[in-house]
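All values below come from the heavy atoms of this structure, side chains included, with hydrogens, waters and symmetry mates left out. All chains are named by letter (A, B, ...) in the order of the sequence lines, taking the proteins before the strands, and each is independently numbered beginning at 1.
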Number of protein chains: 2
Amino acid sequence: MSKESRHAIRPRTLEAILDAAIRLFNADSGVTMTDIAKAAGVGRATLHRHFQDKDDLIQTLSARCMEEMNAAVRATDIPDEPAVKRLHAMLKSAIPLGDRFAFLSFERMEGEDLQSDYEEQLDWTTALIEQLKTEQAIATDVPTSWAVAQVDQVIWTAWTAVWNSELTPDEAANLALRTLLNGLS
Amino acid sequence: MSKESRHAIRPRTLEAILDAAIRLFNADSGVTMTDIAKAAGVGRATLHRHFQDKDDLIQTLSARCMEEMNAAVRATDIPDEPAVKRLHAMLKSAIPLGDRFAFLSFERMEGEDLQSDYEEQLDWTTALIEQLKTEQAIATDVPTSWAVAQVDQVIWTAWTAVWNSELTPDEAANLALRTLLNGLS
DNA sequence: CTAATATGATACATAGTTGTCTCATATTCT
DNA sequence: AGAATATGAGACAACTATGTATCATATTAG
């Protein structure tokens, strides 16, 4: 959003645009600016007023999603709790944000900030896995990278199940926790 | 491939096109016919000679990938073996076909044949899960749809790990099997 | 070798998307 | 109420991807 010097954006306009964009991109990657404008109930010119590029919009959206995920995870980060409890808390708050998660895996990450935010997220999960190992909640001979990948994937699977109305968010989080702890032991 | 009545296609030309298309689509969904032609080392006109549409190309490609996956899975389908062994055999042959698997999840499935091929695949996995339950290899209170989703996801995770040179195909298959059996128990 | 034909290169028309600009209207702020 | 300004609608140009047609060349088959 590099054009905000020329025009302020109204909060509900911004939200409508970003919400619509997330929704559309999650359904189909070949989304046009016109599609987004229509879905947001906003004039097409308004998009170009506030976003220099389509890339600019995507990057803004990526940053937003990444921040929401990071914030949700950080909120569960209570150092004194055992790792299993922290994992469960993380799953419970991350799974409902599956659309944000999905967006981040669909679009390529450009920009230094975004990249470092992603690495922070990765480091956080890696640290959690290692703590789970020291607490003997999971096996030490499982490669950490495998465990981290499993955590990411299970969030995605859980969100999909919730999305398909096969599970409630809590059921999904419980199943995800159980699948991870057993699966990596 | 509805235009083959007018022009025969040379086998190596077809293979070059399909290989390039799979490779490019797996890296980025916004692939143009020009990109595919260049990557295949083939004239752009040749693509339009043999594929009525871009959709036609994608559909042909989807069908090809689906067939390869089905064939690989069917080859492991030895009814007399225990379900655990069949699962392991399936993982070992499916994981190296991760690019085919990826293509199928990226592109929307159109066409009746493709849809029924997909359902056949889904039914196969569902049956395997239920057999694993009767053999008490996994817990019966785990929703079958969750287990099926886990199988699909773990193939993807395993392939990614192999792709990143973090694991060998055999290591990945073993880890995948272990993760599934423990995770769903 | 020779005929048939699949391919490559190029030019071309078409359609869709992007991005800019302008002006009237609606919204917000004082 | 009145001023400032964000928005919507539309016209516009530039660019890109798609798809067609043609002809010379390379490949294959008989």
When rounded to whole Å, the CG to P distance for the pair B:L57 and D:dT18 reads 10 Å

One would report the end-axis bend of the helix from C:dC1-D:dG30 to C:dT30-D:dA1, five pairs per end and rounded to 10 degrees, as 50°

Give each protein N/O atom lying under 3.5 Å from an N/O atom of nucleotides 5-8 of chain D, with the pair distance.
| residue | atom | partner | partner atom | Å |
| --- | --- | --- | --- | --- |
| D:dA6 | OP2 | A:H7 | ND1 | 2.9 |
| D:dA6 | O5' | A:A8 | O | 3.2 |
| D:dA6 | O4' | A:R10 | NH1 | 3.4 |
| D:dT7 | OP1 | A:R10 | N | 3.1 |
| D:dT7 | OP1 | A:T13 | OG1 | 3.0 |
| D:dT7 | OP2 | A:H50 | NE2 | 2.5 |
| D:dG8 | OP2 | A:G43 | N | 2.8 |
| D:dG8 | OP2 | A:T46 | OG1 | 2.8 |
| D:dG8 | N7 | A:R49 | NH2 | 2.8 |

Next on the checklist: Between A:T144 and A:K133, is there a side-chain donor-acceptor contact under 3.5 Å, judged purely by atom types and distance?
Outcome noted: yes

Assess, by modelled atom type and distance only, whether the side chains of B:W146 and A:T179 contain a donor and an acceptor separated by less than 3.5 Å. yes

Salt bridge between B:R64 and B:E15, side-chain N to carboxylate O under 4.0 Å?
yes

Is a donor on one side and an acceptor on the other found under 3.5 Å between the side chain of B:R108 and the backbone of A:A27? yes

Rounded to whole Å, NZ of B:K38 lies from C1' of C:dA9 at a distance of 14 Å

For B:L132 and B:L180: C-alpha separation, side-chain torsions, deciding distance, then whether side chain to side chain contact (heavy atoms under 4.5 Å, CB included) applies. CA-CA 11 Å; B:L132 284 165; B:L180 283 173; over 6 Å; no

Q) So, B:D35 versus B:T32: side-chain donor-acceptor pair below 3.5 Å or not? A) yes

Assert: residue with more 5' nearest nucleotide on DNA chain D, out of B:R12 and B:K54, is B:K54

Rounded to whole Å, the NE2-P distance (A:H48 to D:dA9) equals 16 Å

From CE of A:M33 across to C1' of D:dA14 the rounded distance in Å is 16 Å

In whole angstroms, the gap separating P of C:dT20 from CZ of A:F51 amounts to 14 Å

| message | So does B:A83 get a backbone contact from the side chain of B:E135, meaning a donor-acceptor N/O pair under 3.5 Å? | response | yes

Set out, in order, the CA-CA distance, both residues' side-chain angles and the distance that settles side chain to side chain contact (heavy atoms under 4.5 Å, CB included) for A:M66 and A:N70, then state yes or no. CA-CA 6 Å; A:M66 184 68 81; A:N70 269 350; 4.2 Å; yes

d(A:F25 CZ, A:F106 CZ) to nearest 0.5 Å is 11.0 Å

Atom CG of B:L24 and atom P of D:dA17 are separated, to the nearest Å, by 13 Å

Taken to the nearest whole Å, CG/A:D56 to C1'/C:dG19 is 13 Å

Taken to the nearest whole Å, CG/A:D53 to P/D:dA14 is 19 Å

